[in-house]
Amino acid sequence: MSDTNTTAPEGNGTACCGCKKFSSAAEAKFAELDAFIETLGLDPADERRRGRLIQILHRAQHIFGYLPREVQQHVAEKMAIPESAVSGVVSFYNYFTTKPKGKHVINVCLGTACYVKGSEGVLRELERVLGIEADTNPTPDGLFSLGSLRCVGACGLAPVMLVDDKVYGKITPAAAVKVVNEIKAKEAQA
Amino acid sequence: MNQIKTKADLMAAYEAAKGKLALRLAAGSIDSKKKDIVCCGGTGCHASNSQELMANLREEIKKAGLENDVRVIQSGCFGFCAQGPIVKIMPDNVFYVQVTPEDAKEIVEKHVVGHEVVERLLYVEPTLKEKIHDYAKMPFYAKQERIALRNCGLIEAENLEEYIANEGYQGLAKALTEMKPMDVVQEVLDSGICGRGGAGFPTGLKWKIAAGVKADEKYIVCNADEGDPGAFMDRSIMEGDPSSVVEAMAIGAYAIGAQKGLVYIRAEYPLAVSRLQMAIDQARACGLLGKNILGTDFCFDIEIKLGAGAFVCGEETALIHSMEGQRGEPTTKPPFPANIGGGYWGCSTNVNNVETYASIPVIMRKGAAWYSKIGNWVTERDENGHWVKTVSGNAGTKVFALAGQVNNVGLVEVPMGTTLREIIYEIGGGISGGREFKAVQTGGPSGGCITKENLDTPIDYGSLMKIGSMMGSGGMIVLSDKDCMPAMAKFYLGFTKDESCGKCTPCRIGTRRMLEMLEKICDGKGTEEMLVELEDLANTIRDTALCGLGQTAPNPILSTLRYFKDEYIAHVRDKKCPAGTCTKLFKLTITDKCKGCTKCARNCPVGAITGKIKERHVIDQQKCIKCGACIDNCPFKAIVKE
Amino acid sequence: MANITITINGKKVEVPQGSTILDAANKLNIHIPTLCYCPDVGCGVANKPASCRLCLVEATGIRGPRKILAPACATPVAPNMEVWTNSARAMKARRTVLELLLSDHPQNCLTCAKNQECELQKLAAEFGIREISYQGERNSYPVDESAAIMRDLSKCVMCRRCETVCNKVQTVGALTGNGRGFPAKVGTASMIPLADSSCTFCGQCVNVCPVGAIVGVSYTKKVMAAIHDPKKTVVVQTAPAVRVAIGQEFGFKPGEPVTGKLVAALRMLGFDKVFDTDFSADLTIMEEGNELVGRVKKYLELTKAGKSAADAQKEAHLPILTSCCPGWINFLEHHFPDLLDIPSSCKSPQQMFGAVAKSYYAEKIGVKPEDLIVVSVMPCQAKKYEAARPEFAPGGVKDVDYVITTRELVRLLREAGINLANRDDEDYDSPLGESTGAGVIFGVTGGVLEAALRSVYTMLNDGKNLSGDAINFRAVRGLDGVKEAKVEVAPGLAVNVAVCSGLGNARKVLDMVRADRTRFQAIEIMACPGGCINGGGQPYIKGDRAETLQRRMEGIYAEDAGKPIRLSHENPDIKKLYAEYLGQPGSEKAHHLLHTVYHENKRD
Ligand SMILES: Cc1cc2nc3c(=O)[nH]c(=O)nc-3n(C[C@H](O)[C@H](O)[C@H](O)COP(=O)(O)O)c2cc1C
Ligand code: SF4
Ligand code: SF4
Ligand code: SF4
Ligand code: SF4
Ligand code: SF4
Ligand code: SF4
Ligand code: SF4
Ligand code: SF4
Ligand code: FES
Ligand code: FES
Ligand code: FES
């Protein structure tokens, strides 16, 4: 399993920020995040430091795969802003997630161009096949998350599906299921 | 690249680079030994494997020993993504579509070496059903006038030299060395260009207001949030011609007196982000950004700010809050961003859209007089610059993202005043699948629909508003008879409800209530009174919401109610969906035409169809999810919706 | 600034540039409904998100000559603007907006804590809402209840007042907008319980919430049960600021002191003894004054021995910070753990009272501490949290059993049919009811420090009291958020003091201390802007906040001026308490009963 996606930052290693205890894998991630925040040279006396928040959260989500409360608290502390300010932002933007994702993240575009070309049908079929509701929890085996998004700018290829970062254009329900099955087969081999 | 410290340095760089584009700008013949193979490297074609294709082409050329004569150029989006990956061979003017990595060998062997067209890769004109040999004769491009998209599909997107080769940065040089800031403002004002981000506010006037604010710290912002789903103009400009945005922002900064630029890009556009970053870095490296640009007192730099998936952040006050690391909630205007207290960190801030910026360098270079003659610009605005009365037309061109049930899906740039009919039937190649045209939705979730009767309306800000739609940012979704209009309204409301920031009452609760009514209507639980109530509520929300999102959210409802009342009536009175898409309003049955071929049963994803071979099959209505797969699969058209 | 003339409903009005349409309408006595707007949530900070849209009026001159709807609360006037507040379009818009709000609201006014005090309810009544045209899904959130504050977000109308006061005035930052779209509400980080957040329980959010979404937790039932329990002896203490605020609920002018009537009403309600927190305020001064004198003396010794001022300040734990406000202590423990050594170790007067009542007084009357029920009537929400802290329950018996706020007392009195206006003045019981003018001024910003200075002067001057007008330290009075003064506490010995109220101001002053340790020697901090007269449990202020607070402050100083004794150390019952029980200020017994320690508290 790729550990950037799924390891939860918990456990009982040594303290990393003086307040919380984390496993060493998580510790390395916090260190990576701290190193990044360090490069920004935030000045605690400058109220404009807050302007870096979204950038830092992007990086944090990239490192941890999601933004659990521990990570939000850590960011708040590093930036010297209230935790609520971080949480308010995280909960506002679609891009940020507080729940871990599956190993493979499937997104079906529900933008207008894709919608009129039937992408909703693709999404419903994937929900049925994977047995999960879109934009909720991953499959029980942790292999897939299913979500929807609104337009990645590849509208010419509508309807569009993304699996991890790969774009599949002109997708049909059957073709989408085929992609899923291929991944399943590959994972079973590995 | 050499340092560009003065205008003379720039001109020298231009002279040195100019030759690079010679093959691509000339019309030559297939016999030419020297060739540029232009491959699309945009998001769409990327997705269709263009990277591998390019690698293969380079490989084959190397094998053929033609490295010195034939170059493979990675360009930005051609706007024809549906047919991607696109390969254009110059100076031959041959345009290949849907090229796979495996085709590389044949292209090199047959076309490059053998000077013979690979017929099977040519584009087939959908209406005439014939293969197009000469790019210039493609109807998709013939009617277009590409100004904002001038470099897309022409230059190498990641290469500043190529931008300079096509007269890049000469607009900035002219502004900085020959004009005062107020002259630049005046030039933009005279050009008649209006904001392409949606509201259509005259750009020159916006700059004039910002320039008039006395302040030491000012910002210029590029709105690259492109939230309208189904529109991708800004994406392709940033991917294909990022330097034009950089140059334009510098021009704007000079005009209004800003020292710093910010580009707010949606996180969903990683390629655009990286191309833009490259353009900024390259410009900085050679002195076109930074201190004392082109030997003048003007200092300017640009930073990229990433969005995080919120449509409302396209609204300028929300965008500013988002850049400040806040929740992207709009605030009431005044204060406007240009006012002190209204912009980024309270500083005077000017916000323009990507496409608006992309036209600015050309306007500077060629002059307002040239630009204002494009389109037919006869407008009237009040002292605040708002469109009170627009007789007809605007200046310049507008890029549209043509999508939906149309043959040529893609980006088209046309002069203002072009009619919808021209766009859909001539450029767009008509309705796909032999369907019948029903409507065009312009302006995305904020817009409205345009019907057959209005197909000859010239496209400009005023005319569209008059028929209850709006230009918006340029999304243009073509709908056919198989699209249900109440369902489309429901779709858009679902979007605006999800994207409402939740700040103000009418939008937070009202969009939800309108959506609930539309859901009832589409489920056959609506009443005629509900239609009256819906229209009433829609009108009030339009009147009362705090920002543009809520104010325009009712537009899809109001315009479909206006033009497609009969479809609504059918849903509420007869409980029928004329387009046959509202699943609660029909069921599928197998008629006696059934031959018992079992094909439907084999294709039903939920196993709802049973029957013995050669006997009439039946559908279990409890199980059926109304996916329609059986209808599509029955060779005998035995299955009907009713 | 220039004036601008506009027309509202055909009437011309001239207002200063920068005024809003609402200001102009007020000047004409034209009423425009509002909900989210609050001109002063505290310290003069306005909440003006223009988000509820209930103040929409029709106007020209905003976007050119077109008539548009604009929020009156946030739209600045412009020359030649014409406004219609009651046009068909404006009235319909406002009604629809209100109906939409109500369509996502549990309409259970009868059992709501805000019944009859709710701004939404009042609007529905004003608008004559008889049916709600829109039905549909409603938000529902679990109720979050702590020892002090209860939040029911299904009633939240997203006015953002609480968020503004918590972030901009108090700079606590416990609250934020959460989520977006239909389910969006103001909540804590990750929607954790308030008790797990950085909240200080200052209750300022309670004071400004227009609806029943944030309210104090009510202990009235428990109090009445105790009163009606024959096995219990129930005593009550009333905080200084209650007496100048409660009157407004019974028809008195804001700020008018009703001390004697309050005592009479409490007695009628059934309390066995009615005591005064002012008594323990005097006690606080004895202990805190002693502490301050000790620290100053140590400082003088250290500097004499050649230490730098900064080092001496540090070693002598100066500046001393007052510790009678639990909201502020919560703030300190959370945000300034590096300064935990400097506040006075004194418990708050409420807790001192409880501790003395359950020991000294209980012994005196021969009642077991667990059969003595101590009830506090406080202007405060944080006091509920404080009373519930485990360190204030030695042996599991709480020093203070129940805390009710001024507002809760009003409700109890109403239920019992007791109208303050109809009661004759009565006196507090002895011995814990005797107090001085120094005790009563604890209720307002500056008062604690002034009371301390009055006694410290005597302590440093061989028992010589201040006399005449010198007793009034006017430099530390007034409602300004931060006051700085240099005061002479002994001939030739001047100290720099600061007084601040509102936690945002506290932050400023503490940042000053961090930057320059020698700047002050004594600092008074109260969490609520203006002090306890503006506490989170006081009757809701309906008109001008600053005006009401000014009146309440004047009421406090009038009480002080009218007292025969105005120095804490002259309080005869205090003297008796030390003589009979505690010994000296700062004695071991005093320490055990009246002092506490602080802990870093990173709750989120
Ligand atoms: C809800 C909403 C979304 C918007 N989204 C965008 C957007 O994605 N891109 C954009 O350029 N303008 C968007 N706008 C318009 C901007 O607020 C602003 O008018 C525009 O960026 C100004 O640039 P222009 O004058 O060059 O058009 C949006 C407006 C609203 C109300
Ligand atoms: S209209 Fe919608 S998006 Fe705009 S402020 Fe109101 S709730 Fe937010
Ligand atoms: S519509 Fe779909 S689910 Fe229903 S019977 Fe046909 S194939 Fe099966
Ligand atoms: S596909 Fe058509 S003909 Fe064949 S079994 Fe099904 S309904 Fe009958
Ligand atoms: S908050 Fe107001 S309107 Fe709502 S239930 Fe309580 S009293 Fe009634
Ligand atoms: S106001 Fe109406 S609902 Fe409320 S108690 Fe009286 S009669 Fe009942
Ligand atoms: S009680 Fe005070 S600190 Fe707590 S949330 Fe309310 S305003 Fe903020
Ligand atoms: S909780 Fe109260 S004060 Fe806070 S936003 Fe909701 S209604 Fe307003
Ligand atoms: S100032 Fe008074 S009312 Fe406010 S929290 Fe402190 S003690 Fe309580
Ligand atoms: S609408 Fe799906 S990619 Fe644009
Ligand atoms: S991405 Fe290749 S044509 Fe658009
Ligand atoms: S009171 Fe003006 S919008 Fe709420």
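These values consider heavy atoms only, across backbone and side chains, with no hydrogens, waters or symmetry-generated copies. Numbers restart at 1 for each chain; the letters A, B, ... are given by sequence-line order, proteins then strands.
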Highest number of heavy-atom pairs under 4.5 Å with chain A among B:Gly42, B:Gly328, B:Cys81 belongs to B:Gly328

Contacting region of B:Glu499 [heavy-atom separation from chain A under 4.5 Å] = side chain

Around A:Lys166, counting heavy atoms of other residues, nucleotides and ligands shown, do more than 12 lie under 6.0 Å from its NZ?
-> yes

When rounded to the nearest 0.5 Å, the distance separating CG of B:Leu306 from CZ of A:Arg59 is 11.5 Å

So which part of B:Met233 gets closer than 4.5 Å to some heavy atom of chain A, the side chain, the backbone, both or neither?
-> neither

Other residues, nucleotides, ligands: >12 heavy atoms within 6.0 Å of A:Lys170 NZ = yes

Winner by heavy-atom pair count (cut-off under 4.5 Å) against chain B, out of A:Asn94, A:Leu53, A:Val90, A:Thr112 | A:Thr112

Which one, B:Gly325, B:Ser480, B:Ala629, leads in non-hydrogen pairs under 4.5 Å with chain A?
-> B:Gly325

Proximal component of B:Cys77, with respect to chain A [non-hydrogen, under 4.5 Å] | neither

Closest-packed option against chain A by number of heavy-atom pairs under 4.5 Å, given B:Ala487, B:Gly309, B:Gly79, B:Ala308 | B:Ala308

Given that the side chain runs from C-beta out, which part of A:Glu120 has a heavy atom under 4.5 Å from chain B: side chain, backbone, both or neither?
-> neither

Under a 4.5 Å cut-off applied to non-hydrogen side-chain atoms, are B:Ser322 and A:Ile54 in contact?
-> yes

Do the side chains of A:Arg50 and B:Gln326 get nearer than 4.5 Å, heavy atoms only?
-> yes

Verify, without hydrogens or angle tests, whether B:Gln405 (side chain) and A:Val116 (backbone) share a donor-acceptor contact under 3.5 angstrom.
-> yes

Below 4.5 Å, heavy atoms only, C-beta onward: do A:Val152 and B:Arg235 meet side chain to side chain?
-> no

Okay, B:Asp498 and chain A: the region with an atom under 4.5 Å from a heavy atom over there is side chain

For B:Ala231 against A:Cys155, the heavy-atom pair lying closest together | N-SG, 4.0 Å

Name the option with the most non-hydrogen atom pairs under 4.5 Å to chain B; the candidates are A:Phe92, A:Tyr95, A:Tyr168.
-> A:Phe92

Highest number of heavy-atom pairs under 4.5 Å with chain A among B:Lys482, B:Arg266, B:Glu226 belongs to B:Arg266

Give the minimum heavy-atom separation between A:Tyr115 and B:Met488, together with the two atoms involved.
-> CE2-SD, 3.9 Å

Under 4.5 Å to a heavy atom of chain A? For B:Ile477 that would be side chain

Backbone N/O of B:Ala403 and side chain of A:Lys117: donor-acceptor pair under 3.5 Å | no

Is any side-chain heavy atom of B:Phe495 less than 4.5 Å from a side-chain heavy atom of A:Leu110?
-> no

When the 4.5 angstrom heavy-atom criterion is applied to B:Leu271 and chain A, the contacting part is neither

Counting only heavy atoms closer than 4.5 Å, note whether B:Ala401 contacts chain A via side chain, backbone, both or neither.
-> neither

Mark yes or no for whether A:Arg128, through its side chain, and B:Pro605, through its backbone, hold a donor-acceptor pair below 3.5 Å.
-> yes

What heavy-atom pair brings A:Leu157 and B:Ala82 nearest, and what distance separates the two atoms?
-> CD2-CA, 4.2 Å

Checking B:Leu479 against chain A: side chain, backbone, both or neither under 4.5 Å from a heavy atom?
-> side chain

Closest non-hydrogen atom pair, B:Phe491 against A:Gly111 = CZ-C, 4.0 Å

Give a yes or no answer on whether the side chain of A:Arg150 reaches the backbone of B:Pro229 with a donor-acceptor pair at less than 3.5 Å.
-> no

Is the count of non-hydrogen atoms from other residues, nucleotides or ligands lying under 6.0 Å from A:Asp43 atom CG greater than 12?
-> yes

To the nearest 0.5 Å, atom CG of A:Asp165 lies from atom NE2 of B:His46 at 11.5 Å

Go through A:Arg48, A:His58, A:Arg49, A:Arg52 and name the one with the most non-hydrogen pairs under 4.5 angstrom from chain B.
-> A:Arg48

By a 4.5 Å heavy-atom criterion (distance strictly below it), what part of B:Arg327 contacts chain A: side chain, backbone, both, or neither?
-> both

